[in-house]
Amino acid sequence: MKKLVIISAVWCPSCLILNKHLKKVQEEYTNIEFLKLDYDLDDEQVDAYHVGEKLPVMVMEDDNHHEIARLVGEKSYDEIVRFIEEN
């Protein structure tokens, strides 16, 4: 099963917008595992993804936990769906 790792922070306005879109995406894509990480609280896990300073970050992983693709910054619902469909 593919996994979508979402790295965000409570102080990030773009992350709040993303959360609204993700709720709908999670309902539609039950074949994908979603893992949300907090930029400030999940330091060790977030460090492993080499996240820069721009949030949010979404990383699509395959069954072996290898990164397939990455999406950075505020995205619309349609952009998130396209990202999932293409990866």
Side-chain angles (χ1 to χ4, degrees):
M1 174 182 285
K2 288 185 182 178
K3 181 192 299 184
L4 184 61
V5 180
I6 302 104
I7 302 166
S8 63
V10 294
W11 47 261
C12 165
S14 296
C15 299
L16 296 175
I17 293 168
L18 173 70
N19 286 336
K20 183 177 77 171
H21 299 317
L22 280 177
K23 193 172 191 176
K24 187 174 178 185
V25 169
Q26 285 179 283
E27 291 171 3
E28 293 175 13
Y29 290 91
T30 57
N31 61 328
I32 296 175
E33 179 183 346
F34 291 85
L35 173 63
K36 290 186 78 177
L37 299 175
D38 185 282
Y39 183 81
D40 296 310
L41 300 177
D42 300 312
D43 294 352
E44 208 170 287
Q45 289 175 287
V46 170
D47 287 348
Y49 288 98
H50 306 287
V51 175
E53 299 201 5
K54 189 171 184 179
L55 293 176
V57 174
M58 289 176 277
V59 178
M60 183 67 75
E61 294 183 341
D62 65 15
D63 294 336
N64 296 317
H65 308 288
H66 295 118
E67 183 173 327
I68 299 171
R70 182 177 290 231
L71 196 60
V72 179
E74 185 177 319
K75 303 298 177 194
S76 69
Y77 169 79
D78 291 336
E79 288 172 309
I80 297 167
V81 167
R82 191 174 321 115
F83 174 74
I84 290 171
E85 290 290 331
E86 291 175 355
N87 297 293

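A donor-acceptor pair is defined here as one N or O able to donate and one able to accept, closer than 3.5 Å; such a pair exists between the side chain of Asp63 and the backbone of Met1. Asn64 places no side-chain N or O within 3.5 Å of a backbone atom of His66 that could act as its donor or acceptor partner.
Linking Ile, Leu, Val, Met, Phe, Trp and Tyr residues whenever their side-chain heavy atoms come within less than 4.5 Å places Val57 and Trp11 in a single cluster. Residues Leu22 and Leu35 do not share a hydrophobic cluster, defined by chaining ILVMFWY side chains whose heavy atoms lie under 4.5 Å apart. Neither Val5 nor Phe34 shares a network with the other; the hydrophobic side chains, linked directly or stepwise wherever heavy atoms of I, L, V, M, F, W or Y lie under 4.5 Å apart, form separate groups for each. Residues Ile6 and Ile68 share a single hydrophobic cluster, defined by chaining ILVMFWY side chains whose heavy atoms lie under 4.5 Å apart. Under a hydrophobic-cluster definition in which Ile, Leu, Val, Met, Phe, Trp and Tyr are linked whenever side-chain heavy atoms come within less than 4.5 Å, directly or via other members, Val51 and Met60 are assigned to different clusters.
Counted within 6.0 Å of CD on Glu44, heavy atoms from surrounding residues, nucleotides or ligands total 12 or fewer; the atom is thus considered open.
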Practice prompt. Could you walk me through whether Glu28 and Ile84 pass the side-chain contact (heavy atoms from CB on, under 4.5 Å) test, one step at a time?
Written response: CA-CA 11 Å; Glu28 293 175 13; Ile84 290 171; over 6 Å; no

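The minimum heavy-atom distance linking Lys36 with Asp42 is given by the pair O-OD2, 4.4 Å. Closest heavy-atom contact between Cys15 and Leu55: SG-CB, 3.9 Å. When all heavy atoms of Arg70 and Tyr49 are compared, the closest pair comes out as NH2-O, 2.8 Å. Of all heavy-atom pairs spanning Leu71 and Ile80, the tightest one is CD2-CA, 4.5 Å. Pairing each heavy atom of Ser14 with each of Glu74, the nearest pair is OG-OE1, 2.9 Å.
Glu53 and Tyr39 share no side-chain donor-acceptor pair at under 3.5 Å.
At least one test fails for Lys75 against the ring of Phe83: distance under 6.0 Å to the centre or angle within 45° of the axis.
Note: Gln45 CD to Asp38 CG = 11.0 Å, rounded to the nearest 0.5 Å.
Grouped with Leu41 in a hydrophobic cluster is no other residue, since no side-chain heavy-atom contact under 4.5 Å to another Ile, Leu, Val, Met, Phe, Trp or Tyr is found.
Counting heavy atoms from C-beta on, the side chains of Leu4 and Gln26 never come closer than 4.5 Å.
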